[in-house]
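Reading through the C-alpha cells given below for one structure.
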Protein chains: 2
Amino acid sequence: MQQGCVNFVFMGIKRKTKSVTTVLNIFEASHDAKSVVSLITLVKNEMNKTTVYRILDRLEQDGLIHSFNGKDGLKWYAKCNGCTSHKHFDTHPHFQCTKCDKVECLTVDISIPNIKNHNIETADILLMGQCEACCS
Amino acid sequence: MQQGCVNFVFMGIKRKTKSVTTVLNIFEASHDAKSVVSLITLVKNEMNKTTVYRILDRLEQDGLIHSFNGKDGLKWYAKCNGCTSHKHFDTHPHFQCTKCDKVECLTVDISIPNIKNHNIETADILLMGQCEACCS
DNA sequence: CTACTTTCGCAACTCAGTTGCATTAATGAT
DNA sequence: ATCATTAATGCAACTGAGTTGCGAAAGTAG
Ligand SMILES: [Mn+2]
Ligand SMILES: [Mn+2]
Ligand SMILES: [Zn+2]
Ligand SMILES: [Zn+2]
C-alpha cells in the first residue's frame, strides 16, 4: 500500500528523516538563500553531499524551497519570505552582494515588457551590488 | 619593446592568430549567443578547447564580445547587436528559448527599482519562453 | 515486531572549466 | 627575408559541482 508522510503529502519528501529535519531547520533559521556548496560544508559531519542534493531536490518538488543560479552559475536554494505552498510568487528577483556574496530573495516586482514574436514564460533576475551590511 | 596588434589595441588580444580569426568570424556570422560548449564542438577540428576558452577570455577583455550564464548555469558569449567598444550597453537582458535553447541578446530596457539599503550595480536578466521559430 | 520501501552512504563517474609547461607561430626589428 | 622576442597554442593532468548505481540502513503502516 502507498505510503506518505503526515507533514509532506506532495511527491518529494515521504519520510521525515533526521537529515531532512536538519536541512529544513537551516532554512527556517534564516531566510537568506544558501548555496548548495555552503550547505554541504555546513552539514558535512551529519550527512553525505549526495544526501544534501537529494533532500534539496525533494524539498523543491514539494514547494518548500526554491532554487536559482547565483552569479557564478552555482545553484542556490531559499525558503522565500512571503511565499507559502498555496500562494507562491513564482518568479521573484534575487540579490547577490558582490562583496560578501550573501544572497537575498526580493519581494519587489519587476515588470517584464513584451518581446515581439516571443512568448515569455519566466524571468531569472539577479541584481548585484552591495548589501545593507556592505553598503556603509 | 612592447608589442601590440594593429586591430586590437586593448589588453586582451595581442596577435591576430588563425584561431582568433576563426572565433571572431563565428560571432560575425550570426549575432545569436553561443554557449562555450557549442563553440568547442564547432571548432574542434581547428583548435583545442583550452584555446577556445582563452580566446573568449581575451575577446571579452577587449569588449568585442560579452558573456553571461544561460539557464543551466553554463557560460554563453555573444557579440551584442547595437553595442560597440565605445558605446556599450553594459547590461542588457537575454532570452533563452525553452524548446530549442537558442539565446538572443535583447535591446529592450528593463527598469530596475531601487532596493532599500542596497546599492544595485548590475542586473543579470534572463527571460525564458518560446522564440519566434518555436512560437508557431 | 515485522514487512515494505524510502532514504542514505559510498565510491565511481560526468562534464565544464582551469593550470602548467613545453612547443609553435605572429610580430617588430634588422 | 631572417632573426629574436614573447604571445598563443596543444596537451595532459587537474579541480570542483553535480549525478548515478547499488547495497545497507532506517522510517512507517499494520
Ligand atoms: Mn527566492
Ligand atoms: Mn548580450
Ligand atoms: Zn554584502
Ligand atoms: Zn526556440
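What you see is a predicted model; the values in this text were computed from it and never measured. Residue numbering restarts at 1 for every chain, and letters A, B, ... go by the order of the sequence lines.
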Spacing between A:Ile13 atom CD1 and C:dT7 atom P, to the nearest angstrom: 6 Å
For atom CG of B:Asp62 and atom C1' of D:dA8, their distance in whole Å: 14 Å
Classify the ring geometry between B:His94 and B:Phe68 as parallel (under 30°), tilted (30 to 60°) or perpendicular (over 60°). parallel
When the side chains of residues 45-56 of chain A are checked against the rest of the protein, which donor-acceptor pairs come out under 3.5 Å, sequence neighbours left out?
unit_1	atom_1	unit_2	atom_2	d
A:Asn48	OD1	A:Thr50	N	2.8
A:Asn48	OD1	A:Thr50	OG1	3.0

How many Å lie between CG on A:Asp72 and C1' on C:dG17, as a whole number? 13 Å
Apply side-chain contact (heavy atoms from CB on, under 4.5 Å) to B:Lys16 and B:Thr21, showing your working. CA-CA 7 Å; B:Lys16 194 171 189 178; B:Thr21 308; 3.8 Å; yes
Can you give one letter per nucleotide of nucleotides 9-20 of chain D, going 5' to 3': B for a protein heavy atom under 4.0 Å from the base, S for sugar-phosphate only, - for none? BBBB----SBBB
Side-chain donor/acceptor pairs under 3.5 Å, residues 119-131 of chain B, sequence neighbours excluded:
unit_1	atom_1	unit_2	atom_2	d
B:Asn119	ND2	A:Gln130	OE1	2.7
B:Glu121	OE2	A:Gln130	NE2	2.9
B:Gln130	OE1	A:Asn119	ND2	2.7
B:Gln130	NE2	A:Glu121	OE2	2.9

Would you indicate whether the side-chain heavy atoms of B:Leu64 and B:Lys79 approach each other to under 4.5 Å? no
Over how many whole Å does the gap from B:Leu56 atom CG to D:dA8 atom P extend? 14 Å
Least distance between heavy atoms, B:Asp62 atom then B:Ile13 atom: OD2-N, 2.8 Å
Whole angstrom is fine here: how far is it from CZ in A:Arg15 over to P in C:dT7? 6 Å
